Number of protein chains: 2
Amino acid sequence: MSPRPKVGLELIEILEAGAEIADQKGIQDVTLANLAKKLGIRPPSLYNHFDGLGGLRKELAIYGIERLYEVLAPAAIGVSGDEAVMMISKAYVNFVRKHPGIYEATLMAPDMEDEEVQIAGSKIVELTVRVLQAYKLEGDTALHAVRGLRSILHGFSSLEKSGGFKMALDLDESFEMIIQAYINGIRYQ
Amino acid sequence: MSPRPKVGLELIEILEAGAEIADQKGIQDVTLANLAKKLGIRPPSLYNHFDGLGGLRKELAIYGIERLYEVLAPAAIGVSGDEAVMMISKAYVNFVRKHPGIYEATLMAPDMEDEEVQIAGSKIVELTVRVLQAYKLEGDTALHAVRGLRSILHGFSSLEKSGGFKMALDLDESFEMIIQAYINGIRYQ
DNA sequence: TTGTTAAAACTAATACCGTTAGTTATAATT
DNA sequence: AATTATAACTAACGGTATTAGTTTTAACAA
């Protein structure tokens with residue numbers, strides 16, 4: 001009633017292999033064929049672990065969101081206010097710089113409304129809400145502010161990743177200035 | 001020395017057909033097979049107009065950036081300062097809401113460093129620079145500020161499009177508050 | 001008017017992908 | 001030692017982009 005396979009792959013190993021392909025060669029190279037080759041099995045065998053390519057994308061999205069959360073959470077420890085916002089913001093862009101493929105996978109779930117995906121994402125939202133509580137925003141303002149920070153972080157990261165910022169201008173300087181401007185704007189909302 | 005084909009498709013017609021597929025069924029349905037079917041020709045015939053799927057993506061990206069610029073440019077006419085920033089910002093998100101597929105195509109060029117793609121995008125950057133000149137930002141600050149506004153616009157739009165904002169909270173209210181906060185933050189930079 | 005030429009269509013074939021169906025081997029439990 | 005559930009496998013199908021080679025079309029030149 002509790003069997004064992006020839007190879008006995010665990011889902012986490014598969015996701016780590018997929019994440020490695022994504023970071024090294026880009027998310028478009030995360031195919032069932034490439035993944036199976038890396039794992040030393042045949043493509044159809046992967047269907048024992050998830051429901052096809054769509055299923056893989058969903059699992060990989062959750063995996064990526066959790067990895068991102070693990071980086072963000074410690075960044076906000078022991079600091080508060082502007083400093084806390086700046087710390088998690090820098091942690092966010094550094095994660096995308098280090099793991100562009102995993103971050104891309106984060107946004108490639110077939111259905112972002114999926115409950116498991118939402119649950120993983122809500123942890124990041126809640127973390128951001130806590131960090132922004134220092135500004136004592138009233139009512140829905142705090143939630144709007146969270147959306148704003150997420151927009152900046154995601155927008156900056158993905159534009160940087162895809163080469164959207166062409167000009168010879170220091171990216172870290174841009175980022176710090178942008179975050180600081182947004183913080184200042186929120187405080188006097 | 002100047003021939004004519006049976007059908008005589010022009011590149012612009014092909015791109016419009018591709019844009020229609022992208023907006024109606026999603027960018028993943030913009031395949032050479034679907035595009036050829038819609039145009040009433042065979043897939044290999046498309047190679048007479050662009051260099052394969054990669055070439056189509058590049059052309060479609062430029063097409064999309066130009067359509068976006070055409071919407072942004074008039075939005076900033078006759079207004080200045082905060083109002084101008086708010087106008088082009090709203091024009092941006094409304095474009096993405098109306099043409100999600102075309103906007104997605106904007107970011108799917110195989111090489112964002114490509115000169116033609118860069119030229120198309122630089123027009124939007126220059127437009128934004130002009131709008132932000134009202135704030136008399138000194139030195140590189142203006143360029144950093146442009147990056148910030150682009151980050152917000154792109155981040156908000158793509159998160160909204162992909163269902164990243166789950167909570168039952170008015171999206172337009174969020175957007176206006178975010179832009180206003182950023183503007184305020186920039187002014188007192 | 002006729003012949004040439006270049007563009008843009010076509011057919012045929014290949015390789016790769018995801019997917020399904022059905023089968024086999026493994027290893028823990030009974 | 002027999003059972004059983006898991007996870008591997010092979011084989012086959014349909015869809016995809018792509019290449020090679022061919023044919024049709026229509027403008028230009030003679």
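Below, read A as the first sequence line, B as the second, and so on, with proteins coming before strands; counting in each chain starts at 1. None of these values were measured; they are calculated from a predicted model. Below, each value reflects all heavy atoms present in this structure, side chains not excepted, and no hydrogens, waters or symmetry copies.
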Donor-acceptor pairs under 3.5 angstrom involving side-chain atoms of residues 36-44 of chain A: please list them, not counting sequence neighbours.
unit_1: K38(A); atom_1: NZ; unit_2: E20(A); atom_2: OE2; d: 3.3

Using the ring pair (Phe, Tyr, Trp, His ring centres under 6.0 Å) rule, collect all pairs that involve residues 53-94 of chain B, keeping only residues at least two apart or in two chains.
Y92(B)-Y103(B)
Could I get the full list of side-chain contact (heavy atoms from CB on, under 4.5 Å) partners for E160(A), not counting sequence neighbours?
R97(A), F156(A), F165(A), L171(A)
With sequence neighbours excluded, what pairs up with S89(B) under the side-chain hydrogen bond (donor to acceptor under 3.5 Å, both in side chains) test?
none
Taking atom P of dT19(C) as reference, at what distance in whole Å does atom CG of L35(A) sit?
13 Å
Protein-nucleotide distance (E10(B), atom CD; dA9(C), atom C1'), rounded to Å
14 Å
Roughly how many Å is it from CD1 in I41(A) to C1' in dT6(D), rounded to a whole number?
13 Å
Could I get a table of every N or O pair under 3.5 Å where one atom is in the protein and the other is in nucleotides 10-17 of chain D?
unit_1: dT10(D); atom_1: OP2; unit_2: R42(A); atom_2: NE; d: 3.1
unit_1: dA17(D); atom_1: OP1; unit_2: L32(B); atom_2: N; d: 2.6
unit_1: dA17(D); atom_1: OP2; unit_2: L32(B); atom_2: N; d: 3.4
unit_1: dA17(D); atom_1: OP2; unit_2: A33(B); atom_2: N; d: 3.0

Calculate the interatomic distance between L39(B) atom CG and dA9(C) atom C1'; express it in whole Å.
13 Å
Compute whether any side-chain donor of one residue and acceptor of the other, for D114(B) and Q118(B), lie under 3.5 angstrom apart.
no
Rounded to whole Å, how long is the line connecting atom NZ of K37(A) with atom C1' of dC17(C)?
12 Å
Can a donor-acceptor pair under 3.5 Å be found between the side-chain atoms of N48(B) and the base atoms of dA7(C)?
no
List, by chain and then residue number, the residues other than V79(B) in its hydrophobic cluster (Ile/Leu/Val/Met/Phe/Trp/Tyr, side-chain heavy atoms under 4.5 Å); write none if there are no others.
M87(B)
Between P on dA8(D) and CD on E13(A), what's the gap in Å once rounded to a whole number?
10 Å
So does H49(A) get a side-chain nitrogen or oxygen closer than 4.0 Å to the phosphate oxygens (OP1/OP2) of dT6(D)?
no
